[in-house]
Amino acid sequence: MEYFVQQLVNGLTLGSIYGLVAIGYTMVYGIIGMVNFAHGDIFMLGAFAALIVFLVLSPIIGLAGVAVLVLLLAMLVVAMLVTSLWNWTIERVAYRPLRGSFRLAPLITAIGMSIFLSNFIQVAQGPRNKPIPGLVNNVYNIAGISISLKQIVIMVVTATLLAVFWYIVNHTPLGRAQRATEQDRKMAALLGIDVDRTISITFIMGAALAAVAGSMYLIYYGVASYNDGFVPGVKAFTAAVLGGIGSLPGAVLGGLLIGLIESLWSAYFTIAYKDVATFAILAFVLIFKPSGLLGRPEVEKV
Amino acid sequence: MAPGNATMTNDDIILKVEHLSMKFGGLMAINDFSFEAKRGEITALIGPNGAGKTTVFNCITGFYKPTMGMISLRQKSGKEYLLERLPDHEITKTAKVARTFQNIRLFSGMTVLENLLVAQHNKLMKASGYTVLGLLGIGGYKAEAKRAIERAEYWLEMADLIDRADDPAGDLSYGAQRRLEIARAMCTEPEFLCLDEPAAGLNPSESATLNKLLRSIRADSGTSIMLIEHDMSVVMEISDHVVVLEYGRKISDGTPDHVKNDPKVIAAYLGVEDEEVEDVIAVVESLEGGENA
Amino acid sequence: MAENIQNSARQDDSLFQKGIKEGLFAGAVSFGMFLLYIGIVTEQNIHNELVYRFRWGALAAFVLIAAVGRFLIVTVAQPWLAARKANAKPKVEEKGLFRKHFLKIALVFLVFYPILAVTLAGTQGSLKYVDNFGIQILIYVMLAWGLNIVVGLAGLLDLGYVAFYAVGAYSYALLSSYFGLSFWLLLPISGILAAFWGMILGFPVLRLRGDYLAIVTLAFGEIIRLVLINWTDVTKGTFGISSIPKATLFGIKFDASKEGFAALFGLAPSSAYYKIFLFYLILALCLLTAYVTIRLRRMPIGRAWEALREDEIACRALGINTVTTKLTAFAIGAMFGGFAGSFFAARQGFVSPDSFIFMESAIILAIVVLGGMGSLVGIAIAAVVMIGGTELLREMEFLKHIFGDDFTPELYRMLLFGAAMVLVMLFKPRGFVGSREPTAFLKERKAVSSSFTKEGHG
C-alpha cells in the first residue's frame, strides 16, 4: 500500500510536468488547429534557460536559505521570459505566414522548427548532458511515504499556475478573446478582437508554462540535454490527445494519467516497457473514444 | 406526367418507411414517421426548416442508424433490402440507393470525369480483379474502363457538362456542381435516387436545366427519385407525390394538389393559429384564381 | 514632376525609418533570445563540473545579423517582392526542352551515374558518390514514394511510417541470420510482412481522424522501436544485429573470395562493386514503386484513395468501402517501406533501433509534403534537395579553412535541414510541384491546380 502511494506521488509529480507542457499543445491546437511540434523543444529551451541562470547566479547568491528561493524564482522568471520570446518569434516567423494555408504546411514547419531548435542547442551548448547539483534536497517521511521537497515544489507550482491560468482563460477579457478566436476566428475578428495578438499571446502563455515545466524537469532530474525536448514533448502531446485535444482540463488530466501510468507500470511491471504501455493505452483509449477523454466529439454534418 | 409513368402499376412500391424514429440525445428528430414511395415517381419531402427532412435522408442512406423503425427497399428484380441493417456503402452498392448532399460534396480536386469514374468504383473494382489482375494487365479491366468512360460521357451529356469534362470539379459554377453531383450519383446506376435540396441556390435558368435533368432521369433510366426541396415551384412542377414533415412528424401526404390545399400544411408553412387556417385557405384560393385569370 | 520625386523621396525616407525601427526591434528581440544560449556557453571542466563562460562576440554577431537582416528585409526585399507581385504578368507556361524531357533525362542520368562516378573519381573514389549520395537519396525517394500513397493520395496523416521500414529491415536481418534465407526470397517476404503490419496497425485507427490518427501512428512507430530495443533475446536490443548477409547477384557473392564478383570478372577487389550493384538495385526498386503508384492511380483503388482524400462522406455515399480502401493504402504504403527496409539491412549489414527513430518518419513526411503531395517528380526533387543537400555538408571540408579547424560542418547538418524545411514551406506551402495530374481525360489532360485539391482529414 505504501509502495503504491509512493508511486502515486511520483506519478503525479511527473504528470504535473507533462500536464503543463500539454496545455501548450492543447491551447495552440484549440486556437489555430495546429499541432505545434516544436513545443517540446520550447520546453527544452526552458530547461536550458533555467540551467544557465542557475549556473550564473548560484555562485553569486549562494545556495543557503532564502537564496534558494530567490534562485528558484529567478530561474522560473527568466526561463519564462526567454522561452516566451522564442515562441513569439517562432509564431511570427514560421507559423503566421502559413495561417489559412494548407493544413500540413504549418505541421511541417513545426517539425522543421523542432529539428532546428534541438540542433541549435546542440551546436550552441554542446551535445553532452548538463548536470547541476541538487537544488532542494530535503526529503520528508510521512507515514512511510517519502516525499521530497522537490516534488512538493513541483506540485505546488503546478497547482498555482493552473489556478492562475484557469482564471485568465475563464474570467478575463483576454481569455474571452481566446475562447472567441477558438470558436470562430473570422467572426472574432469582425467583432473587433485582435486575432493576431490573441494568437501571439496564446503562444506566449504556452511557452511560459512549458518553461516552468522545463525548469521543474531540470530541478527534478538535475540534468538537461539538447534532445530532452523530444520524449517529454511526445508524452505531453500524447497527454493532450488522450485528454481530448483542445480541452484544457483534458490536457491536465491526460498529463496526470500519463505520469501515473508511467510510474505505476515501471513499479509493478517492467521499466523497459513503460513507454510502450503509455502509447498502447493511448491507442486503446482513442479506439474507443476517438476524441479523447474530455474532447468534444467531432461531428461532421452530412 | 412523364410517359414512362403510364406503364407502371401504381401500387409498385419501391421504398417503404415504417414507424421511423430518430432520437439525438433527448431530442426526437423524427417521430413515428411512415410513408411509401412508388417506383418511377418523383416523391418530394417538404417541410419547414428543422423539420427533420435531411435526417430522414440520412436514415435511408445509412449515415444514421434509426432509433426505431424499418426502411425497406424493393428492387425491380423483386429483391428486398432492409436499409437500416446495411452499412452506408452497401446501401449504395447492393441496395442501389444513391444520394446527393445539401452542401455539395464533390471531389473538388479531381476532374469532372474522374468524379464520375469514382462513382463506378465497385463495378470497375470487380473488373480489375480487385486491382491485382488490372495491375498485371490481365482480364477485362481495359474494356470495362472504356465502358465506364462512355457511361460517364452519357451522363455528362445529360447534365450538360460535357465541355467541362477535363476541368477540376471545384472550378465549376454552383449550378453545374449541383448537376455534376446528380450525374455522379446516377453513375452508381441507382434504382432510387435521393436528392437533398437540388435546387437550393440556383438561379431560374439553372433551376430549369435541373428540372429537365430530373425529368429525363425519370423517363430514361427508370430511376425513382425522392427529393427534399424548399423551392415550391420545383416541387409542384415535377413531383408526383409530396410528403410533408413538421417537427419530425408527418402532417400531410398526397398529390401536390392535395398537399397544397391541406390546411395543416399551410399552417405549418405560415405558422398561423388553427382557427385562422380557414382564412388562409381562402386567401390562397383567391390568389390562385388570380393567377389563372 | 518635381512633386513626384519629392513624394518618392519622402516614401524612401519613411521606408528607411521603418527599416531602422524594425531592425532595432529585431536586434532587441534577438538579444533576448540569444543572450543565454549564445552569449553564455556551458561546459564541463576537468572536474566534470558544469561551468560557464561568456561569448560576447558571438552574441554581438547574432544580434547584428538579426538587426541588419530585418532592416534589409524591410527596406529591400519587401518592396522588391511587392513590386514584382504588382508587375507580375500571367506567365505562359512554355516548357523548355529540358523540362519537357526531364523524366527521360533524369532516368538516363541515373542509369549512367555510377559509371560516371567511377570514370571521374576512380573505383575507390566513386564509393562516396554512389553510396552516400546515390543510394542514400534513392532510399529516401523510395520511402517517400511509399508514404506518398498513404499521405499524398489517401490523405491519411501517418507519423509512424518508419515502423514499416523497421519491420522490413528486421525481417531481413532476422530471417537471414537465423534461417540463412537469401535476399531475393526475403525481399518480397519483408514487403509482405510490412504490409501485414500496416493492416494490423491500420485497422484499429480507421475511425480516427486528423491529428488523432497522427498521434496514434506516431505511437505505433515508437512502440515498434521500443519493442526492438527491449526484446533483446531476438533483436539483441540496442546493440543491433550485425554481419547481416549481403545480397547476391544471381548467386554471385560480392566478397573477396574466388567466386566473388571481382575475381569472377577479373577486377581488383573493391567494395565499390557491391555499392554499384546496390545502387542499381535500389534504382530498380524505386522504379517499381513509381510504376505501381502510377498504375494504381489509374485504377479504381487509386481513384478511391484520392476521392477519400477529397471527401470521405461522398465516398461512402458512392458505395465505396472506406475501411478496405484505407487499409489497402496503409498496406501498400507499408509494403514499399518494407522493401526499402530489407534493402537498407542488406546495404548496411547492420541494423539497430537507432535507425528507426521518429525523426526518420518526420524527414520522410517532410519530403512528401515539400515535394508536393501526390507528385512523384516533386517528391524525388525534394529528396535530392533535402538529403543530397545535407549529405553535401559532410563534404564541405573547405569550410574548415574559413572557420578554423574545430569547425565541423556535420554538426550543422540537421540544423540546416530544419531551417530548410521551414523556409521551403514558407515560400512553397504546396511543395515543389503543386498541381495534380488527372488520371483520365476525355479530350485533353489538364493539370489540376493545387488550389482545388484537398489534403484529407485523417
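Here is how names work: the chains are called A, B, and so on, in the same order as the sequence lines, proteins then strands, and each is numbered from 1.
For the side-chain contact (heavy atoms from CB on, under 4.5 Å) with A:Thr109, the qualifying choice from C:Leu423, C:Val369, C:Val422 is C:Val422, the only one to do so.
For the options A:Val53, A:Leu81, A:Leu286, A:Ile132, heavy-atom pairs under 4.5 Å to chain C are most numerous at A:Leu286. Chain C forms more heavy-atom pairs under 4.5 Å with one residue of A:Ala283, A:Pro127, A:Pro131 than with any other, namely A:Pro131. Comparing A:Ile108, A:Val276, A:Leu98 by how many heavy-atom pairs each has under 4.5 Å with chain C, the most go to A:Ile108. Your options are C:Leu36, C:Val41, C:Leu50, and the one with the most heavy-atom pairs under 4.5 Å with chain A is C:Leu50. Taking chain C as the reference chain and counting heavy-atom pairs below 4.5 Å, the highest number among A:Ile52, A:Leu107, A:Ile111, A:Val56 is found for A:Val56. Between chain C and the residues A:Leu117, A:Val241, A:Leu51, the most heavy-atom pairs under 4.5 angstrom are made by A:Val241.
For C:Leu365, the parts sitting under 4.5 Å from any heavy atom of chain A are the backbone and the side chain alike. Looking at A:Thr89, only its side chain comes within 4.5 Å of chain C, counting heavy atoms on both sides. Proximity to chain C is limited to the side chain of A:Val78, based on heavy atoms less than 4.5 angstrom apart. The contact between A:Val123 and chain C is made entirely by side chain atoms (from C-beta outward), counting heavy-atom distances below 4.5 Å. Residue contact with chain C, scored on non-hydrogen atoms closer than 4.5 Å, involves the side chain of A:Ile121 exclusively. Contact annotation for C:Val424: neither backbone nor side-chain heavy atoms come within less than 4.5 Å of a heavy atom of chain A. For a residue to count as touching a neighbouring chain, one of its non-hydrogen atoms must lie under 4.5 Å from one of that chain's; by this rule A:Leu45 touches chain C with backbone and side chain alike. For A:Leu55, the parts lying under 4.5 angstrom from a heavy atom of chain C are both the backbone and the side chain. With a 4.5 angstrom heavy-atom cutoff, C:Leu159 touches chain A only via side-chain atoms. Residue A:Phe284 does not touch chain C at all, counting heavy-atom pairs closer than 4.5 Å. For a residue to count as touching a neighbouring chain, one of its non-hydrogen atoms must lie under 4.5 Å from one of that chain's; by this rule C:Arg55 touches chain A with the side chain only.
Using a distance-only test at 3.5 Å, with no hydrogens or angles considered, no donor-acceptor pair links the side chain of A:Gln122 to the main chain of C:Tyr412. Remark: the backbone N or O of A:Phe48 is not paired with any side-chain donor or acceptor of C:Tyr37 at under 3.5 angstrom. At least one donor-acceptor pair closer than 3.5 Å links the side chain of C:Gln44 to the backbone N or O of A:Asn129.
Counting heavy atoms from C-beta outward, C:Ile38 and A:Phe120 have side chains that approach closer than 4.5 Å. When side chains are defined from C-beta on, C:Val151 counts as touching A:Leu104, because their heavy atoms get closer than 4.5 Å. Between C:Val29 and A:Trp88, the closest side-chain pair of non-hydrogen atoms falls below 4.5 Å. Using a 4.5 Å cut-off on side-chain heavy atoms (C-beta onward), C:Tyr52 and A:Phe54 make no contact. Here the side chains of C:Asn230 and A:Thr270 are not in contact, with every heavy-atom distance at 4.5 Å or above.
Contact record, A:Ala105 with C:Pro429: CB-O, 3.9 Å, taken as the closest heavy-atom pair. Summarising the geometry of A:Ile115 relative to C:Met414, their closest heavy-atom pair is CG2-O, 3.3 Å, with the distance given to 0.1 Å. The minimum heavy-atom distance linking C:Ala219 with A:Leu282 is given by the pair CB-CD2, 4.1 Å.
Considering CD1 of C:Ile229 and OH of A:Tyr273, their distance stands at 10.0 Å, rounded to 0.5 Å. The CG atom of A:Leu85 sits 9.5 Å away from the CZ atom of C:Phe34 when rounded to the nearest 0.5 Å. With rounding to the nearest 0.5 angstrom, the CE atom of C:Met359 is 9.5 Å from the CG atom of A:Asn227.
Heavy-atom proximity under 4.5 angstrom to chain C picks out A:Val35, A:Phe37 from residues 30-43 of chain A.
Heavy atoms from other residues, nucleotides or ligands lying under 6.0 Å from CZ of C:Phe427 number 12 at most. By the neighbour-count criterion of 12 heavy atoms within 6.0 Å, atom CD1 of C:Ile200 is densely surrounded, having more than that number from other residues, nucleotides or ligands.
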Inset, instruction - Please step through side chain to side chain contact (heavy atoms under 4.5 Å, CB included) for the pair C:Glu222 and A:Asp275, ending with a clear verdict. - result: CA-CA 8 Å; C:Glu222 285 296 292; A:Asp275 292 351; over 6 Å; no
Inset, instruction - Mind running side chain to side chain contact (heavy atoms under 4.5 Å, CB included) on A:Ile245 and C:Ile215 for me, showing each step along the way? - result: CA-CA 11 Å; A:Ile245 197 155; C:Ile215 184 71; over 6 Å; no
